[in-house]
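Remarks on the structure that follows.
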Amino acid sequence: MRSTARTFKENAKAAVADPQLRRALDHVKSGFIGKRAKAAARLPEFDALRDAARDIKNHTLDHLDLYLERYEQNVRANGGHVHWCATAEDARAAVLEVCQRVGAKTVTKGKSMISEEIALNDHLEAHGITPIETDLGEYIIQLRHEPPSHIIAPAVHLTKDLIEADFRKEHTQFPEGRSLSEPRDLVDEARQVLRDRFLKADVGITGANFLVAETGASVIVTNEGNGDLTQVLPKVHIVVASLEKIVPNLEDLSTILRVLARSATGQEFSTYTTVSSGPKRAEDPDGPEEYHVILLDNGRTQMLGSEFHEVLRCIRCGACMNHCPVYHAIGGHAYGWVYPGPIGAVLTPALIGVEEAGSLPNASTFCGRCESVCPMRIPLPKLMRHWREREFERHLSPAAVRYGLAAWAFLACRPALYHWLVGLEMRVLGALGRRKGRFAWLPFAGGWTRHRDFPAPQGKTFQALWAERKAGRAP
Amino acid sequence: MPQDSPLEAAPAPARVGLFVTCLVDTMRPSVGFAAVKLLEDAGCRVEAPRAQTCCGQPAYNSGDRADTQALARQTVKAFEDFDYVVAPSGSCAAMIREHYPALLADDPAWSARAEQVAARTYELVSFLTDVRGVNAVEARFAGTVTYHDSCSGLRELGIQAQPRQLLATVQGLKLSEMQDSDVCCGFGGTFCVKYPEISNTMVGDKIDCIAKSGARTLLAGDLGCLMNMAGKLKRTGASVETRHVAEVLAGMTDSPAIGEAAKD
Ligand code: SF4
């Protein structure tokens, strides 16, 4: 996927001015937040489970090499293949190679953010292979040639009316007068279209929520069951996953699963949790004949041991964006690349460069709501601040900001001079603003006064008045 | 002094260094004096060292670690002789309490000093309730108020019940909670000028919630958030007035509300 993170500011500006988008985003606010809160409240040990989940992932990352090797051995023992891919390009090539070898014409796909990260669909299409997204949200955005705007609800930026219009335009095989007014109608229609495609697909590609070292299994959690059909029906199953998806064993898996769905959708458990352990065995009635795992690094091992290490604990539940007021204001597309919201603000600069995506970690008030709900207790604001520090060190922050800060810090570190100067300044501003109590416009404060008034200062500073009080005068 | 004065319950006098905060110092000193009154009523001896300026958040949140560290050292030095450091702001108190130790951790000359000051630093209202055991104030305020939970105070310091507890003891005051009182107002320090459109959308949502609460007065514990919300309320012509919670708790609501014209 091509990044537009560089134009984040403009993207965001356009997004807040889009009334349809704002309506769609209201559903994020009204839906996900309450459901998560209820699910968390129903489980007394929820916070203890979060700690346990964090500890499991910390332990796994500390021994990542060991667990990855064990995982690979077990995949092989099960009859599958592991393709180690350092870059997105390697991963695309590995998938294409398998598809071409088996002569694939169409591939069905379960929802996979790694597939988005490596821009797999475009690559397959460029080589004459048709990818068909089977997750309803992904299917809708594929029809619209759009990237996902949310990591678990890819079409959350759309209202039902827009989707209905798309279906009427694309699905010309159905009668025009049919009713599509209920969400159920849309789901049924997509199911009908997709059923046929499932049966015809040559290869099924899924992501993985987890890779289990102990058994060599990959695990997906879904609510639609489309992932199961994607991986069971075709002759070949390809799993695309990044290497931090590893967990040591099934016990650990179940601990993390207990926080995943609750944090994501407020469900106790997703409707489907599917463990696939490789190709069909002799005694199995069905299943793929070939099983491949594309194990993607794409910069992640660089993050190990760095100040961004902790973000590798992420299980992509989406809670951070569901609770993010900035995400609520602008939606996912404005972030300009695959991962939106707070997780994107930390991860995207690591994956595509802080030069490209530096705006993302800056566009946060550090309100801390993301960290307060993250099941893996990732300190997202702290990690965003680390990006700002990197930018500042490398002189990537705008010159005006750096000079302004330097001048301010020079003063703030000289209290006597500071108090004298701000004392003077406030008396002037206070006198100017006294009649109205506020300014509708101030020089150098356009960012503020474009949208709100600037309250006038009271006049004298606290320090000036305090000195007067100590000298025995008012107040 | 009446018999049931909150003073009676307060422990021994304590020397409190008031961290005024740069915004209260420059924009609204009356909040500082309200804080002084509340602290003195709670049996504290208050001083406001002149060697303080700003806690360093503008630099810290802009990635400028060196300047932040310089300001942290300056603040630590100015306050280390006090029993307590108290700020009428959750975010500045959280900066000192939660972030200074990490900022100066690698500096052998300063890390222990930073830890000590951090451990004795509190936000004003929670200091009154949690440290000084104040459970009532003597103040009157006729009207319905709504309270916005500023982010740092809420999520870094756990301040939520304390201001409500004290507000409930203000005579004549009725609290009408707004929806999403714990959602950011869109201020975020330099965020509001770096991303004005996003900030505006956020503060727009916030003032909708304030309006729906039916309150005539908006209160919060951080002046930055208050100026942001007051500025938006004024721009949209809303009649809600905005004050720092300390002003109401101290019964010092004579000065015009934030963004309001002087009375004379
Ligand atoms: S950062 Fe935390 S909240 Fe956000 S997607 Fe990852 S695990 Fe979920």
Side-chain angles (χ1 to χ4, degrees), chain A residues 9 12-13 16-17 325-326 328-330 362-369 371-372 385 387-393 397 401 405-406 408-409 411-413 415-416 418-419 422 425-426 434-438 440 445 447-448 450-458 460-463 465-467 475, chain B residues 20 22 24-30 32-33 48 50-54 56 58-65 67 70-71 74 151-152 155-156 182-184 186-203 205 227-228 230-232 234-235 255-256 258-262:
Chain A
K9 262 190 166 182
K13 208 167 159 177
V16 300
V326 173
H328 293 157
I330 64 177
N362 277 286
S364 164
T365 62
F366 288 159
C367 80
R369 217 175 173 208
E371 180 176 356
S372 75
R385 187 182 291 109
W387 280 121
R388 299 185 191 182
E389 286 166 357
R390 286 234 177 146
E391 278 195 300
F392 191 84
E393 280 160 22
S397 10
V401 171
L405 262 178
W408 168 85
L411 268 179
C413 289
Y418 173 91
H419 290 304
V422 297
E425 189 187 345
M426 291 309 131
R434 188 174 159 74
R435 208 171 52 80
K436 283 214 151 131
R438 55 188 180 266
W448 181 288
R450 201 177 310 147
H451 299 292
R452 21 176 152 41
D453 291 348
F454 189 83
Q458 286 175 326
K460 289 186 184 176
T461 63
F462 179 88
Q463 285 294 353
L465 292 165
W466 186 251
Chain B
V20 186
C22 60
V24 166
D25 178 47
T26 54
M27 301 301 301
R28 201 161 173 83
S30 58
F33 285 99
R50 245 184 119 71
Q52 62 176 309
T53 57
C54 167
Y60 189 45
N61 293 338
S62 304
D64 177 358
R65 241 180 127 79
D67 281 326
L71 280 162
Q74 171 175 292
C151 299
S152 306
R155 279 180 275 268
E156 293 191 281
D182 62 343
V183 175
C184 181
F187 172 62
T190 52
F191 171 87
C192 69
V193 286
K194 277 197 294 186
Y195 300 95
E197 288 78 18
I198 305 176
S199 173
N200 180 45
T201 306
M202 290 164 71
V203 73
D205 287 350
M227 287 176 59
N228 178 44
K232 188 66 186 174
K234 288 290 141 206
R235 178 63 59 91
S255 46
I258 299 169
E260 221 66 67

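Throughout, a chain's letter reflects where its sequence line sits, starting with A, and its residues are numbered from 1.
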Could you tell me which portion of [X] (side chain, backbone, both or neither) has an atom closer than 4.5 angstrom to a non-hydrogen atom of chain B?
X        : value
A/Trp387 : neither
A/Gln463 : both
A/Ala440 : both
A/Arg435 : backbone

Using heavy-atom distances under 4.5 Å, tell me whether [X] contacts chain A through its side chain, its backbone, both, or neither.
X        : result
B/Thr190 : neither
B/Glu156 : neither
B/Cys192 : both

Any side-chain heavy atom of A/Lys13 within less than 4.5 Å of one from B/Tyr195? no

For a 4.5 angstrom cut-off between non-hydrogen side-chain atoms, does B/Val20 reach A/Trp466? no

Donor + acceptor pair across side chains of B/Asn228, A/Arg452 (<3.5 Å): yes

Quick test of your reading of the model: are A/Arg450 and B/Glu197 salt-bridged, counting only N-O distances below 4.0 Å? yes

Answer yes or no: is there a donor N or O on one side and an acceptor on the other, between the side chain of A/His419 and the main chain of B/Gln52, under 3.5 Å? yes

Under the 3.5 angstrom rule, does the side chain of A/Arg438 hit a backbone N or O of B/Gly259 as a donor-acceptor pair? yes

CZ of A/Arg385 to CZ of B/Arg65, rounded to nearest 0.5 Å, is 9.0 Å

I'd like to verify something: which residue of A/Ala456, A/Gly437, A/Ala406, A/Ser397 has the highest number of heavy-atom pairs under 4.5 Å with chain B? A/Gly437

Side chain to side chain contact (heavy atoms under 4.5 Å, CB included) between A/Cys413 and B/Gln74, worked out: CA-CA 7 Å; A/Cys413 289; B/Gln74 171 175 292; 4.1 Å; yes

